[in-house]
Amino acid sequence: GEDVEQSLFLSVREGDSSVINCTYTDSSSTYLYWYKQEPGAGLQLLTYIFSNMDMKQDQRLTVLLNKKDKHLSLRIADTQTGDSAIYFCAETRGGSYIPTFGRGTSLIVHP
Amino acid sequence: SQTIHQWPATLVQPVGSPLSLECTVEGTSNPNLYWYRQAAGRGLQLLFYSVGIGQISSEVPQNLSASRPQDRQFILSSKKLLLSDSGFYLCAWAGTLYNEQFFGPGTRLTVL
């Protein structure tokens with residue numbers, strides 16, 4: 001099975017909060033990341049969190065990490081149409097050069 | 001500030017033709033560099049990575065190859081393209097503190 005799993009689609013109404021979930025299997029993951037990919041473009045790093053943290057907040061973005069359950073989530077407050085994109089969860093083990101990416105969650109924001 | 005360039009942006013090539021995609025990074029030294037392919041299923045497949053000039057690690061056996069002739073230049077090549085080589089090719093470099101990846105704009109390759 002995949003090392004990092006995400007649901008493929010999420011649809012929300014403009015102004016609502018979006019929560020994108022991710023699970024990973026590697027208990028030695030050190031860094032976890034969220035990336036955003038707009039159509040036809042490369043991935044853009046949104047935020048990252050260390051495995052010894054529970055939460056990180058950055059403006060409208062909140063990352064929650066449950067290390068026991070190996071569950072990572074990204075909450076986007078006041079979701080806007082410009083937030084429509086594919087969101088990738090990723091993890092890296094300490095000392096590794098190779099990140100593992102999930103398959104991405106398509107966030108669709110409708111009026 | 002660091003920037004990463006890829007070219008060409010789009011490419012249409014016949015089956016059996018050669019390929020050369022180029023990636024260059026500015027504003028950083030001795031970066032770890034990566035080539036990914038993103039197919040229709042959207043997941044990222046790591047093809048090659050490099051930790052220094054002339055040092056290439058291949059993650060997936062295939063008819064593609066990579067080279068790093070200069071510190072901030074990474075090239076993806078093929079001698080004979082297959083239909084299955086179509087996809088969106090992304091180059092990335094990694095930050096040294098948290099191994100976060102910074103991606104280029106990508107090359108859309110269509111093999112006919």
Side-chain angles (χ1 to χ4, degrees), chain A residues 1-10 20 22 24 26 28-53 56 58 63 65 72 84-108, chain B residues 1-11 21 23-25 30-52 55-60 68 74 87-110:
Chain A
E2 293 181 349
D3 295 327
V4 178
E5 293 192 3
Q6 305 176 237
S7 55
L8 294 182
F9 298 98
L10 176 65
I20 303 171
C22 168
Y24 59 98
D26 191 344
S28 61
S29 297
T30 303
Y31 306 115
L32 297 119
Y33 318 86
W34 284 104
Y35 293 85
K36 177 184 181 182
Q37 185 181 31
E38 296 183 354
L43 279 69
Q44 172 195 358
L45 177 69
L46 282 179
T47 188
Y48 59 88
I49 189 169
F50 302 129
S51 60
N52 61 357
M53 297 170 64
K56 182 177 181 182
D58 183 2
V63 178
L65 175 60
L72 183 74
S84 294
I86 300 175
Y87 291 81
F88 289 89
C89 171
E91 60 89 20
T92 304
R93 233 169 295 169
S96 170
Y97 299 123
I98 310 301
T100 301
F101 285 85
R103 294 190 65 187
T105 299
S106 282
L107 175 64
I108 301 163
Chain B
S1 64
Q2 301 89 355
T3 55
I4 179 168
H5 304 278
Q6 284 186 247
W7 64 91
T10 60
L11 192 59
L21 302 181
C23 170
T24 58
V25 181
N30 196 30
N32 290 344
L33 296 173
Y34 305 77
W35 277 112
Y36 292 90
R37 178 168 58 204
Q38 188 177 27
R42 296 186 320 203
L44 290 177
Q45 180 186 30
L46 178 63
L47 301 175
F48 302 94
Y49 72 95
S50 171
V51 300
Q55 300 179 63
I56 309 295
S57 296
S58 174
E59 291 295 302
V60 182
R68 185 170 177 174
F74 205 20
F88 191 48
Y89 287 81
L90 290 161
C91 179
W93 68 276
T96 53
L97 287 178
Y98 316 118
N99 202 36
E100 68 274 32
Q101 304 257 304
F102 299 97
F103 286 81
T107 295
R108 173 74 59 191
L109 172 66
T110 303

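So you know, we letter chains A, B, ... as the sequences are listed, proteins then strands, and number each from 1.
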Among B:Phe88, B:Tyr34, B:Tyr98, B:Phe102, which residue forms the greatest number of heavy-atom pairs with chain A at distances under 4.5 Å?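 Ranked by contacts with chain A, first place is B:Tyr98.
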Is B:Tyr49 in contact with chain A via its backbone, its side chain, both, or neither, using a 4.5 Å heavy-atom distance?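 Answer is side chain: those atoms of B:Tyr49 sit under 4.5 Å from chain A.
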Using non-hydrogen atoms only, which part of B:Asn99 is less than 4.5 Å away from chain A: side chain, backbone, both, or neither?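 Contact with chain A involves both backbone and side-chain atoms of B:Asn99.
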Under 3.5 Å, is there a donor on one side chain and an acceptor on the other for B:Gln101 and B:Tyr36? yes
Close aromatic pair by centroid cut-off 6.0 Å: B:Phe48 and B:Trp35: no
For A:Gln44, which atoms come within 4.5 Å of any heavy atom of chain B: side chain, backbone, both, or neither?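 For A:Gln44, neither part sits under 4.5 Å from chain B.
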Engaged part of A:Tyr97 at the chain B interface, taking heavy atoms whose separation is under 4.5 Å: both
side-chain contact (heavy atoms from CB on, under 4.5 Å) filter on A:Ser96, not counting sequence neighbours, yields A:Thr92, A:Arg93, A:Ile98
Contacts of type side-chain contact (heavy atoms from CB on, under 4.5 Å), residue A:Ser106, not counting sequence neighbours: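 Only A:Phe9, A:Ile86, B:Arg42 meet the side-chain contact (heavy atoms from CB on, under 4.5 Å) criterion with A:Ser106.
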Keeping the roles fixed (side chain from A:Ser84, backbone from A:Ile108), state whether a donor-acceptor pair exists under 3.5 Å. no
Which of the residues A:Ala90, A:Gly104, A:Gly42 is involved in the greatest number of heavy-atom pairs with chain B at under 4.5 angstrom?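 If we count pairs closer than 4.5 Å to chain B, A:Gly42 comes out on top.
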